[in-house]
Amino acid sequence: MLKFVLRRLLHTVPVLFGISILSFGLLSIAPGDPAEILLRSGGIQPSEEEIVAVRAEMGLDKPIYVQYGLWLWRLLHLDLGISYSSGRPVISELLDRFPATIALAASAVTILLIIALPLGVASAKYPGSWIDIFGRILTLISASMPGFWIGLLFIYYGAVRLKLFPVTGMDGFSSVWLPALTLGFGMCGTYIRLIRAGMLEALRQSYVRSVRARGIKESVIVGSHALRNAFLPVLTLFGVQCGHLLGGSVVVETIFAWPGIGKYAIDAIFMKDYIVIQGYVLLMALIVVAVNFLVDIGYTLLDPRIRLGKSL
Amino acid sequence: MKRKTISWRAVSLWTGGSLVALAVCVGIFAPYLTPSDPLLINLDIRLSPPSLHYPLGTDQMGRCVLSRLIMGTRTSLFYSMLALGAALSISVPLGLLAGFAGGRTDRFIMRTIDMLLAFPSLILSIAITGLLGPSLANLLLAFVLVWWAGYARIVRGIVMQIKEKDFIMAARSSGGSPTQIVLRHILPNAARPMLVLASLEIGTIMLSISGLSFLGLGSQPPTPEWGVMLNDSRPYMQTIPRLMLYPGLAIMTVTIGFNLLGEGLRKRDRIET
C-alpha cells in the first residue's frame, strides 16, 4: 500500500510542474507593467526611476527563467506575493476565505448525494418506472439549468416568498443550505445517471445472483453488495468533477454574497488585483490535484484489485 | 408479454432537434421577429407590465423584454458557435497530428494538453478573462484557449482507433502518403463522431458564456444577452420577478435542446465518451 501511495505521489510531480509553469506564465498576459501597477495602486503617478527601482526589486529585470526560479522558491515558502489592493499577503487572504468555500462545497456534496443516491439506486432497481422517468427528467433539467438562475429562483422562492432561509451572506449555520442546494442541484444529474448505470451493471453480476439464491434480503443485496461496487465510478467522477464544483462555487458565492475564495477572486478581477487571480488559480489547481490523489487512494481501499495490480 | 417501452433515443432526437431548429431560426431571423427595437431606451415606460405593444413588458430602462430575448438568442447562439468553431480549428488538427504521428510529437502535444487540463476549465477561463480585462472578445479568447485541450484529446482517441483499421493498412501498403491517409481516409471517418461529440458541448459552452456574462466578465450592457439580462433583473427580483424568469427560461430551453440532440445523436451512433 505504501508503495502504491509513493508511486502515485511521484505521478503528481510532472502535473505540479505544469501547473507551476502555467500559473507563472498567466500573469504575463495581463496588460501593463506589474511594477507600474503596484506603484499606481498607491494612488500616485510614479516617476521613471521609481518604476525602474521597483522592477529591480521585484526581479522583473532578470531573465524569465530566473524570474520563474525565484517565483517557485517563494512559492515553496508559501509566499504568493502581496495583494495590490489590500497590501496583505495573498496566501493569508485566500486562507481566510478558504473555510467558507469548503463548508459550501461539503454541504453541496452532501445535498448532491441525498438527491442522487436514492434516485440513482431506485431508477436502476425499477427501470422504466415513474421514478426512473423522474430521474431522467431531473438529470436533464439539472444539466440544462444555469446555476446562476437556479440560485436566483431559490432566493426568490426560498428566501423572499417563503422566508425559509436568510437571503444572502453568511449568517449562522442555516445560511449555507440555499447556496449549497444551488450548487448541489446543478451537479446531481451526472451522478444520478452514473449511479443508475453502475447499479444496473452491478445487479446483473453473478455474485448478486448468488447472494440472492442464498436468500439474503433484497434490501441488503441492493444496499450493501451492489452499491459498494456501483460506488467506484462515482468516486472517480467526484475527482473529475471537483474542478466543476470549485468553478460552480464562484458563481454561487457571487450570487449569495458568500464570503468564500470564489467571490474574492471575482472581486479581485474587478479591482485588477492580478496577483490574487494568479494565487487563486494556483490554489484551485492544487486542490484538484490533491483531491484526485485522495480519490485514487480511496479507490484502492474500496477495490483491492487495483492496489494489487497484476499479481492477482 | 413484452411491454412496449418508449424509445428515449427517438424522443430526445426529435425534441432536441426541434428545439435547436427553432432557436436557430429565431437567431437567424431575429431582426424581423422583434416587435420593437431591443436597444431603444424609454424611461417613461420603465418596468411596465405586459401589454399589447410590449408582450412581456419592459425592463428597467423601458426596453422591450421580448425583443431583447429574441436578439439574445442570436447573441448566445452566435458566440457559442464561434467559440466552438475556433476551439475545433485548434483541437482537430492537433488531435489528428498527435493521434496519427505518435512518438515525440504525440508526447509533446499530450503534455501540453495535460498541463491545461490540470486546471478546472471554468476557473482558468475566468482567470484568463479577468487578466485580459472583462469583455466578450476576451471571454471568447479565454474559452478557446482552455477548451481546445479536452477536445483535442478526444479527437486523438478517435484517430487512434481508426488508425488500427484494415483499410488504413491497405492505404498504407498501396503507397499513400501520410497527408493523403489523414485527409482522405482518417478525417472523413472521424468527422461524424467528432461532430456528434462537439454538439454535446454546445449546451455547456452556452451555459458558461452566459454565466460569465452574468458575472460581468463577458457581454457588457446594453448588449441584449441572456446572462446580462438576468444580472440586470437582480435588483427587481422582489418586486418584478418576471424579469428574471424569462431570460433563465430561454437559456434553459435552448440548452435542453442541445443536450437532448447531442445525447440522441450519440446514442444513435453508439459513441462512447
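So that the names make sense, note that chain A is the first sequence line, chain B the second, and so on, each numbered from 1.
Neither the backbone nor the side chain of B:Arg111 comes within contact range of chain A, judged by heavy atoms closer than 4.5 Å. Proximity to chain B involves both the backbone and the side chain of A:Leu153, based on heavy atoms less than 4.5 angstrom apart. With a 4.5 Å cut-off on non-hydrogen atoms, A:Phe17 does not touch chain B at all. Heavy atoms closer than 4.5 Å to chain A are found nowhere in B:Leu212, neither backbone nor side chain. With a threshold of 4.5 angstrom between heavy atoms, B:Leu117 does not approach chain A through any atom at all. The parts of B:Ile256 that come within reach of chain A are both its backbone and its side chain, each placing non-hydrogen atoms under 4.5 angstrom from that chain. Looking at B:Ser121, neither its backbone nor its side chain comes within 4.5 Å of chain A, counting heavy atoms on both sides. Both the backbone and the side chain of B:Leu131 come within less than 4.5 Å of a heavy atom of chain A.
Considering only heavy-atom pairs separated by less than 4.5 Å from chain A, the leading option among B:Asp114, B:Thr112, B:Leu217 is B:Leu217. Most heavy-atom pairs under 4.5 Å with chain B: of the set A:Leu16, A:Asn292, A:Ile141, A:Ile19, this distinction falls to A:Ile19. Residue with the most contacts toward chain A among B:Leu245, B:Thr204, B:Thr129: B:Leu245 (heavy-atom pairs, distance under 4.5 Å). When B:Leu122, B:Asn231, B:Ile123 are compared by the number of non-hydrogen pairs under 4.5 Å with chain A, B:Ile123 comes out ahead. When the candidates B:Ser12, B:Gly257, B:Gly130 are compared by the number of heavy-atom contacts under 4.5 Å with chain A, B:Gly130 comes out ahead. For the set A:Leu27, A:Val15, A:Leu140, the entry with the most heavy-atom pairs within less than 4.5 Å of chain B is A:Leu140. The residue among A:Ile21, A:Thr254, A:Ile277, A:Val251 with the most heavy atom pairs within less than 4.5 Å of chain B is A:Ile277.
Taking all atoms of both residues into account, the shortest heavy-atom contact from B:Gly211 to A:Phe148 is CA-CE2, 3.0 Å. Residues B:Leu207 and A:Ala143 come closest through the heavy atom pair CD1-O, 3.5 Å. Here the shortest heavy-atom pairing between A:Ser144 and B:Thr255 reads O-CB, 3.7 Å. Taking each heavy atom of A:Val288 and B:Pro120 in turn, the nearest pair found is CG2-CG, 3.7 Å.
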Evaluate the criterion salt bridge (Lys or Arg N to Asp or Glu O under 4.0 Å) for residue pair B:Glu263 and A:Arg193; output intermediate values, then yes/no. CA-CA 13 Å; B:Glu263 200 54 41; A:Arg193 224 172 56 175; 3.7 Å; yes
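Looking at A:Tyr280 and B:Ile126, their side chains never come closer than 4.5 Å, going by heavy atoms from C-beta outward. Annotation: side chain of A:Ser23 is in contact with side chain of B:Phe119 (closest heavy-atom distance under 4.5 Å). Proximity of B:Leu215 to A:Ile269: side-chain heavy atoms (C-beta onward) are nowhere separated by under 4.5 Å. At least one side-chain heavy atom of B:Phe214 sits less than 4.5 Å from a side-chain heavy atom of A:Leu152. Here the side chains of A:Val281 and B:Ile128 are not in contact, with every heavy-atom distance at 4.5 Å or above.
Looking only at distances, a side-chain donor or acceptor of A:Trp149 sits under 3.5 Å from a matching main-chain atom of B:Met244.
Counting heavy-atom neighbours within 6.0 Å of A:Arg97 CZ, excluding the residue itself, gives a total above 12.
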